Amino acid sequence: MTKVLLRALAGETLPTPPIWMMRQAGRYLPEYRATRAKAGDFLSLCYNPELAAEVTLQPIRRFGFDAAILFADILLVPQALGADLWFVTGEGPRLSTITDAKGVGALKPVEDIHEKLSPIYETLRILSGELPKETALIGFAGAPWTVATYMVAGRGTPDQGPAHAFKTADRAAFSALIDRITEATILYLSAQIEAGAEVVKLFDSWAGSLKGEDFDDFALQPARRIIAALKERHPGIPVIAFPRQAGERYIGFADATGADCVALDNSVSAEWAASKVQVSGCVQGNLAPRHMVTGGEELVSEAQRITRALRGGPHIFNLGHGITPDADPDNVARMIEAVRTA
Ligand SMILES: Cc1c2[nH]c(c1CCC(=O)O)Cc1[nH]c(c(CCC(=O)O)c1C)Cc1[nH]c(c(CCC(=O)O)c1C)Cc1[nH]c(c(C)c1CCC(=O)O)C2
């Protein structure tokens, strides 16, 4: 029996959609907080294969999701390319910054990334042996634009201003940075697949700040290049693309990039997506994460509305973005029940 997540990704319309959640292993779970404390800090947890596998499995044991997502972070790739990376508690990531051609030139050769990232591959090998047979294993990476926004600014930014400024000041150097990340991402995701990932997802969390030609050059083309290279090396491995906040640019994104599925954020309606995006294949999404905090009747009705709206084609149920640390785990169980009884 093929795993239900893989069936949806192959284009099958199922009576009940497979379910998983972005950030399903995370601070809203007491067992995650306990394992993170044991590891010491977030990055030590990412680089400890036994403990990273343990936190990946926690939400599977608790909720029986149809997919497990590797526990790691999109910012490990910049670190493997030579950037300094640390996390400030309560604030988020910090990195050394790259603001010109010289900074791009100083990055390590892409082939060197495996040296730093080999524990991540080990986490996947452990998970391949330990997951229930019906649970699919998802690997991931940040998309080049989103990763670049952190590498340029050295932190998360509300409007990605520093990356836009670099792009405007020296488009060739900025393109070289995007190319370098693109090449590293191909090597990283290929290694994840070789270590056991059955699906890979590209997170372009800041795609929504790219407009017109910039969207084509820095969101669409890098995704197309990565997906083409992966399909050549690993035919049959499906790719989920998440160009968050792409709005109208969700239309045709799967066809233009070769993605098997596009993940929808919660700023678009499921009804709109059914007629405009699902016509090209599988879609994933798109419950607003706040329902996992607020719960109640609205959680049930929204989860069921989305499930019904996307029932006519291939669909993977998920949130529109990651579950937040203040979410109530009981609401996750309620959400799953609502989707399965819609
Ligand atoms: C932009 C981005 C990052 N990381 C990621 C993205 C893209 C998706 C998105 O838009 O959310 C992706 C990511 N980060 C994490 C995963 C693991 C898999 C999963 O459960 O989804 C994945 C897929 C773990 C994490 N990554 C992070 C945590 C929290 C760390 C902790 O335990 O303190 C987790 C569980 C930290 C992180 N990592 C990042 C930020 C901005 C932060 C700080 C914000 C926060 O604290 O929630 C960068």
Side-chain angles (χ1 to χ4, degrees), residues 1-24 56-57 59-69 131-140 197-201 236-242 250-251 253-255 259-266 268-289 291-292 295-323 327 329-342:
M1 257 317 265
T2 310
K3 302 176 185 190
V4 284
L5 187 94
L6 301 179
R7 288 171 60 189
L9 287 167
E12 204 177 317
T13 303
L14 298 162
T16 301
I19 308 174
W20 69 281
M21 268 188 339
M22 283 187 261
R23 288 276 172 98
Q24 62 191 20
T56 305
L57 290 165
I60 308 305
R61 288 190 204 115
R62 200 190 253 255
F63 303 114
F65 285 119
D66 296 298
I69 183 161
L131 276 172
K133 62 179 185 339
E134 65 277 12
T135 316
L137 180 54
I138 305 175
F140 73 92
E198 299 167 286
V199 176
V200 294
K201 179 168 174 184
I237 296 290
V239 181
I240 304 172
F242 182 35
Y250 271 120
I251 301 169
F253 195 86
D255 293 326
D260 300 273
C261 176
V262 285
L264 306 164
D265 64 78
N266 47 281
V268 296
S269 81
E271 292 76 9
W272 175 86
S275 68
K276 303 281 191 187
V277 188
Q278 202 181 27
V279 287
S280 331
C282 188
V283 295
Q284 176 179 284
N286 71 338
L287 183 69
H291 293 296
M292 309 317 287
E297 196 38 52
E298 209 194 343
L299 160 63
V300 174
S301 62
E302 277 296 282
Q304 296 195 331
R305 178 186 59 77
I306 291 165
T307 306
R308 289 174 190 142
L310 295 167
R311 181 162 275 163
H315 174 217
I316 297 164
F317 193 91
N318 205 304
L319 307 182
H321 202 189
I323 187 168
D330 289 344
N331 286 331
V332 178
R334 261 176 225 127
M335 177 270 282
I336 293 170
E337 173 70 12
V339 172
R340 294 196 170 143
T341 58

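Quick caveat: nothing in here was measured; it's all calculated off a predicted structure.
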Is the closest side-chain heavy-atom distance between Pro329 and Phe63 below 4.5 Å? yes

By side-chain contact (heavy atoms from CB on, under 4.5 Å), Pro132 pairs with (sequence neighbours left out) Ile60, Glu134, Thr135

Residue pairs passing the salt bridge (Lys or Arg N to Asp or Glu O under 4.0 Å) test with at least one member in residues 271-285, sequence neighbours excluded, are Glu271-Arg305

For a side chain to side chain contact (heavy atoms under 4.5 Å, CB included) check, start with the C-alpha distance between Val200 and Ile240, then their side-chain angles and the critical distance, and finish with the verdict. CA-CA 6 Å; Val200 294; Ile240 304 172; over 6 Å; no

Note: Pro314 and Gln278 closest approach over all heavy atoms is O-NE2, 3.1 Å

Output for pair (Ile19 CD1, Leu5 CG), nearest 0.5 Å, gives 11.0 Å

Scanning both residues in full, the closest heavy-atom pair of Thr56 with Ala68 reads CG2-CB, 3.9 Å

dist Asn286:CG -> Phe317:CZ (nearest 0.5 Å) comes out at 8.0 Å

To the nearest 0.5 Å, atom CG of Leu264 lies from atom CG of Leu319 at 12.5 Å

Minimal heavy-atom distance between Pro289 and Gly322, with the atoms involved, is CB-O, 3.6 Å

Asn266 meets the side chain to side chain donor-acceptor pair (under 3.5 Å) criterion, sequence neighbours left out, with none

Task: Stepwise side chain to side chain contact (heavy atoms under 4.5 Å, CB included) check, Ile316 with Cys261 - done: CA-CA 9 Å; Ile316 297 164; Cys261 176; 4.3 Å; yes

Can any side-chain N or O of Tyr250 pair as donor or acceptor with the backbone N or O of Ala263 at less than 3.5 Å?
yes

Rounded to the nearest 0.5 angstrom, the CZ-NZ distance for Phe242 and Lys201 is 5.5 Å

Residues at least two apart in sequence or cross-chain that pass salt bridge (charged side-chain N to carboxylate O under 4.0 Å, His left out) with Asp265, listed by chain then number, are none

Residues pairing under side-chain hydrogen bond (donor to acceptor under 3.5 Å, both in side chains) where one sits in residues 3-20, two or more places apart or in two chains, turn out to be Lys3-Glu198, Arg7-Glu12, Trp20-Gln284

CG (Leu131) and CG (Leu137) are apart, to the nearest 0.5 Å, by 5.5 Å

Interatomic distance, CE@Met21 vs CD1@Ile323, rounded to 0.5 Å, equals 3.5 Å

Only pairs under 3.5 Å count here: list side-chain donor-acceptor contacts from residues 330-340, not counting sequence neighbours, and write none if there are none.
| from | atom 1 | to | atom 2 | distance (Å) |
| --- | --- | --- | --- | --- |
| Asn331 | OD1 | Arg334 | NH1 | 2.5 |
| Asn331 | ND2 | Met292 | O | 3.0 |

Exercise. Do Leu299 and Leu287 come within less than 4.5 Å of each other through their side chains, counting heavy atoms only?
Worked result: yes

- [ ] Kindly indicate whether the side chain of Val199, heavy atoms from C-beta on, has any atom under 4.5 Å from the side chain of Leu9.
- [x] yes

Quick note, side-chain hydrogen bond (donor to acceptor under 3.5 Å, both in side chains) partners involving residues 308-319, not counting sequence neighbours, are Gln304-Arg308

